[in-house]
Amino acid sequence: MIEVKEIKPPRRIPFFGMISGMFTVFRHAFQKPVTVQYPEKREDQGDRFRYRIYLSTEDCVGCTLCEQVCPNLSITMMMLDKDNPRNKRKIYPSVNFGTCTVCRNCEEICPTDAIYLKGVFETSRTRNSFFYNPLELEKNEEEVRR
Amino acid sequence: MPYEVKEEKGKDGRKVFLIQKENFLELMTDLRKQGYDHLSLITAVDFRDRIELVYHLQKSESNFELLTVRTVTYDSTIDSVSSIWESANWDEREQYDMMGVVFKGHPNLKRILLPEGWVGYPLRKDYDLSKNQYVNMDDEGNDRVSFDPGDGW
Amino acid sequence: MKTGDAGFITTTLENVLEWGRSNSIWPFTFGLACCAIEMMATQASRLDISRFGSEVFRNSPRQSDLMIVSGTVTKKMAPRLKRLYDEMPYPKYVIAMGVCVIQGGPYNQGYSVVMGVDRVVPVDVYVPGCPPTPEALTHGIMLLQDKIRKREGK
Amino acid sequence: MGPQHPSTHGVLRLKLLLDGETVKNVEPVIGYLHRNAEKICELDYYCDSLIYFDRMDYVAAMNMEIGYLEAAEKLLAIEPPERVKWIRVVMAELNRLASHLVWAGAFGLDLGMLTPFFYFFEEREKILNLFTEICGSRQETNYMSIGGVYQDFNDKIIFKIKQFLKQFPKKMEEAYSLFIKNDIFISRTKGIGILEPEVALSYGVTGPMLRASGVPYDVRKDAPYLVYDKLNFDVPISRGKDVLARCIVRFEEMRQSVKILNQALDKIPDGPYFNPKAKKSLMIRLRGEGDVYARTESPKGEFGVHLVGDGTVKPYRLHVRSPAFKNLSILPYLSRDVLIADMVAISGSIDLVFGEVDR
């Protein structure tokens, strides 16, 4: 049988509620401020926080699993002439961050952990150019911007 | 009984009724009298040559027990049940919008999610995704749908 | 007085104007979908956006100069968005927040989503992420302030 | 009104027929956020559809994921391990808290109370910090996968959740008293938007709205999924039937969620956190056949997923019963002959999230 808890609205006392509400707000005014002064200080997001895809071209074997599993075609494989004995076909993933939804399927499915994500969120641009080729995926955000 | 009901078990242990389209309205009226007062969902599934309609009913007296009624239509028309359950009103409009199933006897059968004048029924398997349709608005706030981008785009 | 003499004062005045403009951006609450909740979180107590002068979220387009398009723009919504943009007074800026607004995002294979809001209105700053964290949006607003100060494009 | 309504409910357009200040007829126009999620799910693998469910009810992403996975795991015949079930309950209840907090903040804004908004969002911010700690993103978490979860719990996380739960009830009651003791709030909500239980059932209303009308329907009790049958909690109902009753029921649900969380955190068993049949490179090769219907209790009401598979790696048809869609359909009935100012209170009490209504 379902345990049902019936609740009745409380009695209404004129003006008491307003005064107690003011008191609550007044008490809050003396508490420690919760605001994080963002550009100078930033919050500790934990080591699992993910925002941007990185790639290590040494580990990539060009298996195209990440391309298959990507839900919205953000990852496309790209030819890249790089000396890597494990990657015979010389194809590496390139990511379009204009559509990437940070679902982390690619990180989960990658057999060699070549694709990994990090919590770097300062990726805003003034131009609609979010296509990252494999070499740019290796670099940090500041280097790419330059 | 004036109609035939084939009963079977669903994959997950649901009770499923299979019913001919002709006796559809009689069965639904009968089920409403039996105490199925909560119409949960109407789904249309497009199998290219036919459209299968799935109704999920619930009975509020016995812990919202689930009953599934399935029926098949070949010409994408079916009787409306919006006179029996009020909630069928929006559900049927949604299925008309997405699948193009025409519900006979529906009080207000027009598109609900897409703008009026949209060409095609998008959830059908033969819907052409490659053709873009554009929406523009006139001064009264009504939508106009066209295949070529107008001045606003 | 020669015209060249007044030039010095004009530029300084413009600089002051741009400085004032960049530190008092009033955003317009254009919350459409998921990103709107993060925009509200930016406005709320943790990352107080009023530290950057964007104190008041205005409900009317006529009183605001920044439109944060947060959330998917569908084809049904696009003409309304365009009309609201036209109602805003100059100078006006647009921030595209989230990947749905930038290039269609997760819905880019579909039939009813606009593939990028820059097909409808001009965009100044793009903030990727799905949804962008409040910090990312704040970074976008700082980028916009920089842009206003340098008078790029406008 | 609308479609860009100043309040925070997203994109609802209401065509009102007015007689002076009295509303005679309302026609809601929806579809301004129709994002074709059901169509795109047919183009992707079973594991990929999850991200569209995250974005359906975007303030309660975990509950949506559970709703989909209940259906998908039945169809693909993959049973999650015991530990995963408990973890999912913890995440669902945390997200239910977050969702109700957003509702309470937005509802306060609707009725002209600015202060509770900041208090509730601060509490929500703490929950989202927990999510960042556990899954790596704040809102659209994409935490669960078919047959498991993405990352395991550890002692540090459980300790942090317990720490949060210790201080949360006090903060909530404090903000709750701002609502419920306030004269203006009560006079704006009491007796407004009366919804009789028979009408509610006929319109397909579920969730807190139905419970506020006195029908004790909760999928967690009536058709238990995950491990809800091993937990001890009550279903709050109210016979007030009005906006105030809905508000009270939601706050009581938050207390019950805290109760569930406290029990579940103590009981999480050890074990694997994913089913080896559905991991890594196997997850794009899952095939399903037949059709299933699964219902779960989302913060807005009964969330149902009807999933049809045809034996390939992609779903054949996917249809979602979204509770807010049904709850919105009752708005024309509720707002007949009310004042236009009460319209805001009524539409706020429905708890609309448009990602879910339009999908």
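Order of the sequence lines fixes the chain letters, A, B, ..., with proteins taken first and strands second; residue numbering starts at 1 for each chain. Just so it is clear, the model here is predicted, and its values are computed rather than measured. Just so it is clear, the values below take in all heavy atoms, side chains as well, and ignore hydrogens, waters and symmetry mates.
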Compare all side-chain heavy atoms of [X] with those of [Y] and state whether any distance is below 4.5 angstrom.
{"X": "D/Tyr58", "Y": "C/Glu38", "result": "no"}
{"X": "C/Pro131", "Y": "D/Arg138", "result": "no"}
{"X": "D/Arg55", "Y": "C/Cys130", "result": "yes"}

#### Entry: D/Val29, D/Asp358, D/Leu33 screened by side-chain contact (heavy atoms from CB on, under 4.5 Å) with C/Lys76, the one that passes
D/Val29

### Query
Which bit of C/Ala41 comes within less than 4.5 Å of chain D, counting heavy atoms only: side chain, backbone, both or neither?
both

### Query
Is a side-chain donor-acceptor pair under 3.5 Å present for C/Thr72 with D/Arg35?
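There is such a pair (donor and acceptor under 3.5 Å, judged by atom type) between the side chains of D/Arg35 and C/Thr72.
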
### Query
If you take all heavy atoms of D/Ile51 and C/Pro106, which pair is closest and at what distance?
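Residues D/Ile51 and C/Pro106, closest heavy atoms: CD1-CB, 4.1 Å.
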
### Message
For C/Gln109, is there any backbone N or O sitting under 3.5 Å from a side-chain donor or acceptor partner on D/Lys39?
### Response
no

### Query
Would a distance-only check, ignoring hydrogens and angles, find a side-chain to backbone donor-acceptor pair under 3.5 Å from C/Thr74 to D/His34?
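No; zero donor-acceptor contacts below 3.5 Å.
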
#### Entry: Spacing of C/Tyr107 atom OH and D/Asn36 atom CG [to the nearest 0.5 Å]
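So the gap between those two atoms works out to 8.0 Å.
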
### Task
With rounding to the nearest 0.5 Å, note down the distance linking CZ in D/Phe121 to OG1 in C/Thr42.
9.5 Å

Which atoms of [X] come close to chain C, meaning under 4.5 Å heavy atom to heavy atom: side chain ones, backbone ones, both, or neither?
{"X": "D/Phe117", "answer": "side chain"}
{"X": "D/Asp48", "answer": "neither"}
{"X": "D/Asp54", "answer": "neither"}

